[in-house]
Amino acid sequence: MTAKLIKGTEIREEILEEITGEVAEIKEKQGKVPGLVTILVGENPASQSYVTLKIKTAHRVGFKEVQDTRSEDISEQELLSLIDQYNQDDSIHGILVQLPLPKHIDEKKILNAIDPDKDVDGFHPVNVGRLMIGGDEVKFPPCTPAGIQEMIVRAGVETSGAETVVVGRSNIVGKPIANMMLQKGPGANSTVTVVHTRTKDMESHCKRADILIVAAGVPGLVKPEWIKPGACVIDVGVNRVGEKPSKKDPNKMVAILKGDVDFDAAKEIAGSITPVPGGVGPMTITMLMRNTLLSLKYRLGLV
Ligand code: GUN
């Protein structure tokens, strides 16, 4: 059997088209556009490339976009004041502080200073609490888990009553996606198991999964024999396992990426599966755009 490929690159295009249409409509009727500020501290190359992609995507869907880049030596107090300035700014609906931050800055303190109603990353404890309660309480689901759920739904996979197994218990993927899949409501209603580094028999849990979500950060951790025939497999792992010459410019080296699942063998067993790259990756920024649009809609009383 060859699994159906769940392509994040294609789903991204569908969702960005939907967002672009909604932004144009709100602009025409109400004269407002979503405003997103991205705060980048320092010159971490991975952060710079994430931020560049966020800015490009925000422009594409018609947002007001502010890039605020600060030097590595900004003090914690200066960064807190900057966040306060954007908390007060009515043209800004989403504030994103790119992580990681330099060591002299307390990340938790910074994230907690963002107005929860502008926290489009969904990392503020208030939004984590809202997610836990579920239903109408949820304002900003965190972007990667929201992207995963959207992919499962758009692939037509039945979640209600399904055995969903999550591999990994991080605050940004494992814990929130487990929580989202067990809530009452469409795209959820699953029976959820979370396995992690201290789980005694990871394989036996994975073998039961109708939906297997893997976010462990260990290349090839999930073996093909762990997959139930016909299961939906979502691979969140993006592991750099080497370098190769770029197809566009053979003089340039690009990373070789591998997921947490042995894709080539797994696709012969699963019913549907996400590739790496081109699976979950493109969904994170897409859902950030959706959350920023949502933030404006909350402000305007449209939802
Ligand atoms: N750094 C890596 N991923 C993320 C993300 O999703 N949000 C923020 N704020 N920083 C990140």
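As the structure lists them, so they are numbered: ligands from 1, and atoms in each ligand from 1.
Across all their heavy atoms, Val261 and Asp235 have their closest contact at N-OD2, 3.0 Å.
Evaluation of the side-chain hydrogen bond (donor to acceptor under 3.5 Å, both in side chains) rule for Ser49 yields no partner, not counting sequence neighbours.
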Kindly list each side-chain donor-acceptor pair under 3.5 angstrom involving residues 162-169, sequence neighbours excluded, with atom names and distances?
{"from": "Glu163", "atom 1": "OE1", "to": "Arg208", "atom 2": "NH1", "distance (Å)": "2.9"}
{"from": "Thr164", "atom 1": "OG1", "to": "Ser190", "atom 2": "OG", "distance (Å)": "2.9"}
{"from": "Arg169", "atom 1": "NH2", "to": "His196", "atom 2": "ND1", "distance (Å)": "3.4"}
{"from": "Arg169", "atom 1": "NH2", "to": "Thr197", "atom 2": "OG1", "distance (Å)": "3.4"}

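Around ligand 1, the residues contributing at least one heavy atom under 4.0 Å from the ligand are Leu96, Val97, Gln98, Leu99, Asp121, Phe123.
Residue pairs that meet the ring-ring contact (aromatic ring centres under 6.0 Å, His included) test with at least one member in residues 217-260, sequence neighbours left out, do not exist here.
A cation-pi arrangement is present between Lys139 and Tyr298, with the terminal nitrogen or guanidinium carbon under 6.0 Å from the aromatic centre and inside a 45° cone about the axis.
Using a cutoff of 4.0 Å between basic side-chain nitrogens and carboxylate oxygens, Arg60 and Glu13 are scored as salt-bridged.
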